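Quick caveat, the model's predicted, so the values are computed rather than measured. Just so you know, residue 1 is the first one in the sequence shown, and it goes up from there. We use all heavy atoms of the structure for the numbers below, so side chains are in, but hydrogens, waters and symmetry mates are not.
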Amino acid sequence: MTSTQISPPQAKLWLAAIKPPMYSVAIMPIWVGSAVAFREVKIFNITIFSLFIAAAILILAWENISNDVFDAETGIDQNKHHSLVNLTGNKTLMFWIGNLCLGLGLLGIIAIALVQKDPTVIAIILLCCGLGYMYQGPPFRLGYQGLGEFLCFFAFGPLGMGAAYYSQTQTWSIINLAASVILGIVTSLVLFCSHFHQVADDIAAGKKSPIVRLGTQTGAKVLVGFTASIYPLTLLFVMLNIFPIWTLLSFLSLPFAIQLCGHVLENHNQPDKVSNSKFIAIRVQFVSCLFLGVGFILG
């Protein structure tokens with residue numbers, strides 16, 4: 001092996017730091033919001049959709065990088081070997097790379113607004129970015145008060161999907177709002193799962209995450225409740241004729257949901273074993289939202 005090659009352990013750390021599966025969180029609100037728009041008004045602008053997807057990925061990259069930077073300031077990530085700041089040893093560099101991602105992402109949103117001659121999408125996405133900053137950024141650090149899941153719900157649910165729907169239609173939709181509740185819940189589960197394995201570090205840094213507040217056992221039961229809620233809620237919307245029956249295809253994510261709940265209930269207090277629960281939650285989010293969108297298109 002030459003000195004320029006990266007050892008497998010180091011490569012795995014970089015992969016864990018970049019977190020490719022997490023970008024499903026950015027893509028799915030655009031996908032489902034655009035699918036609802038197609039069902040309702042038979043409009044699908046592929047250029048705007050593609051711009052929005054690229055912008056959303058860049059903005060989420062900013063969010064992930066910034067979180068590592070802000071966590072480095074509190075010392076909560078001192079045992080997190082796959083922190084980008086710990087890997088590079090350069091907090092300032094990561095801060096500016098994050099800001100570059102944000103700037104490029106906002107340029108994509110501005111391009112959509114210029115095409116539409118309407119600044120509404122810019123306003124919504126700036127609000128989402130504000131919530132993202134308040135999650136970890138000083139002086140707010142609302143994630144340290146256990147409010148991250150609430151911010152996540154609104155940023156990726158009603159606001160994120162509302163912006164995606166508006167980017168296609170330049171109007172609003174009650175049906176899209178209903179769908180955004182399901183997407184907001186299932187996306188917040190990903191963040192909720194990320195707390196189980198880092199309780200000790202959170203307590204040491206004074207972070208009152210939901211799992212620190214509830215304890216891992218109660219937290220696991222809460223996870224089961226919210227995970228289970230998305231299926232009867234979808235069924236209810238179908239029965240009320242808000243969703244087309246094809247959206248029941250989202251039930252294809254049920255095996256992953258059962259796997260997630262069983263895994264966390266069994267290993268909630270074992271950090272090494274429960275640490276992968278957020279990636280199972282990503283599978284639930286990806287499959288349920290993918291087929292929810294497919295259901296709207298087929299419907």
Test your reading of the model: is there a side-chain donor-acceptor pair from [X] to the backbone of [Y], 3.5 Å cut-off?
| X | Y | answer |
| --- | --- | --- |
| Asn176 | Tyr165 | no |
| Ser277 | Val274 | yes |
| Arg141 | Gln136 | yes |
| Gln168 | Asn45 | yes |

Indicate yes or no: at least one non-hydrogen side-chain atom of [X] is less than 4.5 angstrom from one of [Y].
| X | Y | value |
| --- | --- | --- |
| Leu223 | Leu260 | yes |
| Val264 | Thr216 | no |
| Leu191 | Ser194 | yes |
| Leu292 | Leu183 | no |
| Tyr133 | Pro138 | yes |
| Lys273 | Glu266 | no |
| Met94 | Asp68 | no |
| Asp202 | Ile211 | no |

For the [atom1] atom of [X] and the [atom2] atom of [Y], what is their distance to the nearest 0.5 Å?
| X | Y | atom1 | atom2 | result |
| --- | --- | --- | --- | --- |
| Cys261 | Phe226 | SG | CZ | 12.5 Å |
| Ile97 | Ser66 | CD1 | OG | 11.0 Å |
| Ile174 | Ser180 | CD1 | OG | 10.0 Å |
| Asn90 | Phe95 | CG | CZ | 12.5 Å |
| Ile230 | Leu254 | CD1 | CG | 8.5 Å |
| Gln259 | Ile280 | CD | CD1 | 4.5 Å |

For [X] and [Y], which heavy atoms make the closest approach, and how far apart are they?
| X | Y | result |
| --- | --- | --- |
| Leu151 | Met134 | CD1-C, 4.2 Å |
| Ala155 | Cys128 | O-SG, 3.5 Å |
| Thr169 | Val41 | CG2-CG2, 3.4 Å |
| Ile124 | Leu159 | CG2-O, 3.4 Å |
| Ala26 | Leu60 | CB-CD2, 3.7 Å |
| Ala220 | Leu265 | CB-CD2, 3.9 Å |

| query | Can you pull the ring pair (Phe, Tyr, Trp, His ring centres under 6.0 Å) pairs that have at least one residue in residues 248-297, sequence neighbours excluded? | reply |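 Pairs touching residues 248-297 that pass the test: Tyr231-Phe251, Phe243-Phe296.
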| request: Check whether the ring centres of Phe196 and Phe192 lie less than 6.0 Å apart, and answer yes or no. | output: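 Yes - the distance between ring centres of Phe196 and Phe192 falls below the 6.0 Å cut-off.
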| message | Taking the ring of Trp172 and the ring of Tyr166, is the distance between their centroids below 6.0 Å? | response |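 Yes; Trp172 has its ring centre under 6.0 Å from that of Tyr166.
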Within a radius of less than 6.0 Å around [atom1] of [X], do more than 12 heavy atoms belonging to other residues, nucleotides or ligands occur?
| X | atom1 | result |
| --- | --- | --- |
| Phe150 | CZ | no |
| Leu240 | CG | yes |
| Gln217 | CD | no |
| Lys117 | NZ | no |
| Phe44 | CZ | yes |
| Ile245 | CD1 | no |

| request: Take Val69 and Leu84 through the side chain to side chain contact (heavy atoms under 4.5 Å, CB included) test and state the conclusion after the steps. | output: CA-CA 8 Å; Val69 171; Leu84 287 166; over 6 Å; no
Would you kindly confirm whether [X] and [Y] end up in one hydrophobic cluster when ILVMFWY residues are joined by side chain heavy atoms under 4.5 Å apart?
| X | Y | answer |
| --- | --- | --- |
| Ile46 | Ile43 | no |
| Val224 | Leu235 | no |
| Ile53 | Val294 | yes |
| Ile48 | Leu126 | yes |
| Val186 | Leu236 | yes |

| field | Member of Pro244, Ser173, Ser34 meeting the side chain to side chain contact (heavy atoms under 4.5 Å, CB included) criterion with Arg39 | value |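 With Arg39 as partner, side chain to side chain contact (heavy atoms under 4.5 Å, CB included) holds for just one option, Pro244.
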Do you see a donor-acceptor pair shorter than 3.5 Å between the side chains of [X] and [Y]?
| X | Y | answer |
| --- | --- | --- |
| Tyr144 | Thr74 | yes |
| Tyr135 | Glu63 | no |
| Thr120 | Asp118 | yes |

| query | Checking side chain to side chain contact (heavy atoms under 4.5 Å, CB included) for the pair Gln116/Val121: CA distance, chi angles, key distance, verdict? | reply | CA-CA 9 Å; Gln116 294 188 321; Val121 172; 4.0 Å; yes
| Step by step, would you call Phe153 with Thr187 a side chain to side chain contact (heavy atoms under 4.5 Å, CB included)? | CA-CA 7 Å; Phe153 173 85; Thr187 303; over 6 Å; no
| Just one of Ser24, Ser188, Ser253 clears the side chain to side chain donor-acceptor pair (under 3.5 Å) bar with Gln285, so which one? |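 Of Ser24, Ser188, Ser253, side chain to side chain donor-acceptor pair (under 3.5 Å) with Gln285 is met by Ser24 alone.
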| field | Passing candidate, side chain to side chain donor-acceptor pair (under 3.5 Å) with His195, options Arg213, Lys207, Glu149 | value |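 Running side chain to side chain donor-acceptor pair (under 3.5 Å) over Arg213, Lys207, Glu149 with His195 returns exactly one hit, Glu149.
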